[in-house]
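Shown next, in structure tokens, is the structure this report addresses.
Labels below follow one simple rule: chain letters A, B, ... track the order of the sequence lines, proteins then strands, and each chain is numbered from 1.
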Number of protein chains: 2
Amino acid sequence: MAKATIADIAREAGVSVTTVSRFINGNFSKMRPETRQRIEQTVARLDYRPSASARRMRQQRTHVVGVIVGDISNVFSSLLFKGIYTQLQPAGYDVMLMNSNNSVDEERDEISRLLSQEVDGLIIQPNCKRFSAYSPIVSASIPLVMVDREPDDQPGDIAKVTVDNHGSCRTLAGLLAERGYENVVALSNIRSEISAQMPRLEGLRRGCDEHGMLMIPIEANGHDVAWLTQELRALTGRLAGRTALVSLMGPMLFDTLAALRELGLRFPEDVGVVSFDDWRWSQYVRQGIHLLEQDPQRMGQEAAANLLEQMNADADPYALAKQTTLSVAEIPAPSI
Amino acid sequence: MAKATIADIAREAGVSVTTVSRFINGNFSKMRPETRQRIEQTVARLDYRPSASARRMRQQRTHVVGVIVGDISNVFSSLLFKGIYTQLQPAGYDVMLMNSNNSVDEERDEISRLLSQEVDGLIIQPNCKRFSAYSPIVSASIPLVMVDREPDDQPGDIAKVTVDNHGSCRTLAGLLAERGYENVVALSNIRSEISAQMPRLEGLRRGCDEHGMLMIPIEANGHDVAWLTQELRALTGRLAGRTALVSLMGPMLFDTLAALRELGLRFPEDVGVVSFDDWRWSQYVRQGIHLLEQDPQRMGQEAAANLLEQMNADADPYALAKQTTLSVAEIPAPSI
DNA sequence: TTGTATGCGTTATCAC
DNA sequence: GTGATAACGCATACAA
């Protein structure tokens with residue numbers, strides 16, 4: 001049988017479509033209980049479900065939010081989504097999830113699709129250096145929250161949720177100096193135009209400068225373990241004094257451990273090891289690895305909460321935009 | 001400015017809405033190049049984007065697919081989604097993702113929402129023992145693919161993508177027997193009415209029977225590490241002969257390792273350890289842990305591919321439903 | 001307390 | 001080649 005419509009219910013229940021519409025929208029204030037009951041039964045009998053298509057057409061709002069993450073296979077993104085979802089679903093919003101694959105081109109296409117979908121709001125882990133890539137969103141006055149990364153020239157009235165990448169790495173440098181390290185090797189793997197690893201690199205550099213340590217960046221960007229092994233081999237031969245390896249993103253730690261195994265280097269004896277975002281599995285690797293940890297689920301919740309405020313605004317949503325910086329937790333372990 | 005509509009373009013370009021619609025849909029066959037160009041410019045100038053709401057209203061199809069996963073914070077689910085997404089996005093489908101939290105109630109609500117959204121297809125990692133929970137989908141003739149788990153009474157014409165859970169565990173039992181183990185402790189953590197862990201348990205039991213090993217299930221369902229530690233302590237005291245612990249799901253391995261550490265048990269010296277789905281991080285834990293590995297991304301791809309076939313069908317979509325069973329890979333490591 | 005009629009933006013049918 | 005117009009299913013202004 002074809003999908004029942006509001007007209008079917010009206011006919012079967014012997015009332016008008018208006019009354020059925022009122023029923024569907026829980027507007028019982030002025031409705032005789034018996035009418036209400038009659039409609040209720042008919043709805044149940046025909047298994048009627050309001051058409052979201054017609055609804056969003058008629059109303060302003062779609063009750064759909066778009067989310068674009070950089071790489072859903074990275075645990076960061078899944079936890080981010082989980083935080084977003086647990087906020088939005090109870091609030092009556094459905095979520096369209098897109099994976100930009102850390103690609104500027106894919107992201108552009110996905111934004112366009114979501115605008116076509118007329119989403120009520122957008123949460124993006126952005127790939128673009130220039131905010132102009134996102135101006136179509138602002139032109140359409142669509143509530144927007146940026147997460148994790150930030151375009152260089154992002155206006156002050158655009159919401160964002162980030163963590164203290166710079167500060168936490170600067171602090172880490174201090175700790176490493178205290179422990180007697182003289183060299184810090186920063187291992188990054190940046191695939192997108194912008195990355196949270198950038199402020200981490202800067203923070204580390206700043207901290208190393210402050211403590212007279214040598215800071216050596218290794219940008220693995222797309223290279224494999226063999227390449228990394230090679231780089232580390234060349235490096236460690238040349239360095240005097242104790243060296244700490246800092247993995248600036250979760251998945252990078254995998255490659256780092258693989259390279260160390262290959263080189264026969266042990267930690268903390270031969271080198272120190274620190275990592276961002278390993279999601280706690282590394283606690284079982286030897287005696288555990290010293291971690292800098294963010295809370296992506298919390299980030300998602302914050303982002304969604306602010307998005308909801310913007311979406312509930314009567315006037316300019318961006319007036320309610322909030323910029324949130326969460327702290328990074330330090331989980332000590334004897335790997336340094 | 002308000003969002004431009006097809007009527008705006010028509011007015012500005014001095015043509016009719018029909019012609020604009022033809023342009024939007026790439027129907028240039030009978031259109032003067034100059035008309036086409038005029039529309040093209042106007043569309044660009046007004047940054048016109050077709051309204052998906054109006055489209056889906058008018059047409060049969062929404063070009064939206066709904067996906068319900070059990071727990072998006074489990075890497076299995078993220079990889080599954082990635083596989084689905086990479087197939088559907090290029091095919092012109094947007095994806096609504098829902099997280100059932102392994103809850104029957106949440107799942108019911110989410111199915112209802114997705115039916116309201118009039119999705120063109122549905123991929124579900126199901127929670128319900130009885131297929132009747134999904135019959136509204138079938139009543140509406142909506143293409144459907146079940147993934148990972150399967151209701152007990154699922155009809156033969158409903159598509160599914162699973163892995164050989166039973167067989168791989170039965171084979172594992174054989175391997176353990178060969179290695180001299182006499183006891184197999186199966187560690188499960190089932191939160192939903194059905195789980196891929198169930199056929200794994202059966203396979204293990206079958207295999208243990210065949211090789212005269214003792215099979216002891218520990219159902220952690222929701223309990224914490226302290227509880228598990230207690231259970232293992234009690235157990236290991238009573239068992240004679242070598243014992244292997246088999247973690248039947250990825251996250252369970254965390255708790256298992258924590259308990260072993262607490263008990264001061266080493267592997268493979270004191271006990272053997274095997275796990276499903278650890279996503280390879282455990283290779284750095286001691287000398288690595290013996291794994292049974294599925295490929296969730298591949299599962300997602302298979303599911304989406306079949307869904308596409310069903311969605312492209314003219315008549316009964318279920319006539320094209322395919323049931324796929326993928327194999328489980330064994331990744332050996334000296335933990336047994 | 002309930003009903004009638006209009007329009008949301010698009011596509012499809014038919015006319016010119 | 002192009003245009004006028006009727007639907008799609010619902011919510012609402014306005015009637016009754």
Side-chain angles (χ1 to χ4, degrees), chain A residues 1-40 42-43 46-64 92 113 115-120 140, chain B residues 1-40 42-43 46-64 92 113 115-120 140:
Chain A
M1 78 197 154
K3 205 168 170 268
T5 76
I6 210 175
D8 297 327
I9 308 295
R11 186 170 21 75
E12 295 282 322
V15 296
S16 79
V17 291
T18 311
T19 309
V20 179
S21 177
R22 289 205 183 94
F23 173 88
I24 298 303
N25 293 288
N27 199 339
F28 307 126
S29 54
K30 298 181 174 180
M31 193 184 308
R32 293 227 297 282
E34 72 178 51
T35 306
R36 172 174 175 176
Q37 213 170 35
R38 202 139 33 90
I39 299 180
E40 193 156 28
T42 315
V43 163
L46 301 191
D47 191 31
Y48 167 77
R49 258 174 258 272
S51 154
S53 302
R55 267 206 158 133
R56 46 192 280 175
M57 175 94 196
R58 184 56 230 269
Q59 304 178 157
Q60 297 283 64
R61 335 187 59 192
T62 56
H63 284 276
V64 174
R113 294 176 79 139
L115 289 179
S116 241
Q117 286 290 349
E118 295 156 299
V119 292
D120 286 343
Chain B
M1 79 197 155
K3 202 167 171 271
T5 76
I6 213 173
D8 297 326
I9 307 294
R11 187 170 20 75
E12 296 280 322
V15 296
S16 79
V17 291
T18 309
T19 309
V20 179
S21 177
R22 288 204 184 95
F23 173 87
I24 297 303
N25 292 287
N27 200 338
F28 308 126
S29 54
K30 299 181 175 181
M31 193 183 308
R32 293 227 298 281
E34 71 178 52
T35 306
R36 173 175 173 176
Q37 214 171 33
R38 203 139 33 90
I39 299 180
E40 192 157 27
T42 316
V43 163
L46 301 190
D47 191 31
Y48 167 78
R49 257 174 258 272
S51 154
S53 303
R55 271 207 159 133
R56 44 192 281 178
M57 174 93 198
R58 188 50 232 261
Q59 305 177 157
Q60 293 286 64
R61 333 187 60 190
T62 56
H63 284 277
V64 174
R113 294 177 79 138
L115 289 179
S116 243
Q117 286 290 349
E118 295 157 298
V119 291
D120 286 343

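Using modelled atom types, one finds no donor on one side chain facing an acceptor on the other under 3.5 Å when comparing B:Arg49 with A:Gln117. B:Ser16 and B:Thr19 share a donor-acceptor pair across their side chains, judged by distance under 3.5 Å alone. Side-chain atoms of B:Glu118 and A:Ser53 include a donor-acceptor pair closer than 3.5 Å.
B:Arg56 has no side-chain polar atom (N or O) that falls below the 4.0 Å cut-off from OP1 or OP2 of D:dC8. Between B:Arg22 and D:dT2, a side-chain N or O to OP1/OP2 separation shorter than 4.0 Å is absent. Side-chain N/O atoms of A:Ser21 include none lying less than 4.0 angstrom from OP1 or OP2 on D:dT12. Phosphate contact (OP1/OP2 of C:dG3, side-chain N/O of A:Thr19, threshold under 4.0 Å): present. Remark: A:Ser16 is in phosphate contact with C:dG3, judged by side-chain N or O atoms under 4.0 Å from OP1 or OP2. At D:dG3, none of the side-chain N or O atoms of B:Thr18 fall inside 4.0 Å of OP1 or OP2 (strictly under the cut-off).
Side-chain contact between A:Arg55 and A:Ile24: present, with at least one pair of heavy atoms (C-beta onward) separated by less than 4.5 Å. The side-chain heavy atoms of A:Asp8 and A:Thr5, taken from C-beta on, include a pair separated by under 4.5 Å.
Which of D:dT5, D:dG9, C:dT2 sits closest to the side chain of B:Val17 comes down to D:dT5. For A:Ser51, taking side-chain heavy atoms from C-beta onward, the closest of the listed nucleotides C:dT2, D:dC10, C:dG3 is D:dC10.
Atoms CD (B:Glu34) and P (D:dG1) sit 11 Å apart, rounded to a whole Å. Atom CG of A:Asn27 and atom P of C:dT1 are 12 Å apart (whole Å). Spacing between atom CD1 of B:Ile24 and atom C1' of D:dT2 amounts to 16 Å, rounded to whole angstrom units. Atom CD of A:Gln59 and atom P of C:dT6 are 21 Å apart (whole Å). Rounded to an integer number of Å, the gap from B:Ile39 CD1 to D:dT2 P is 8 Å. Taking atom CD of B:Glu118 as the reference point, atom C1' of D:dC10 lies 11 Å away to the nearest angstrom. Rounding to whole angstrom units, CD of residue B:Gln60 and P of D:dA7 are separated by 16 Å. Computed from coordinates, the B:Arg11 CZ to D:dG3 P distance equals 15 Å when rounded to whole Å.
Across all strands shown, A:Phe28 has no heavy atoms under 4.0 Å from either base or sugar-phosphate atoms. Among the protein residues, B:Met57 comes within range of the nucleic acid bases, having at least one heavy atom under 4.0 Å from a base atom. Within the nucleic acid shown, B:Thr35 comes within 4.0 Å of sugar-phosphate atoms alone, with no base atom in reach, counting heavy atoms only. Residue B:Phe23 is out of contact with every strand shown, counting any heavy-atom pair closer than 4.0 Å.
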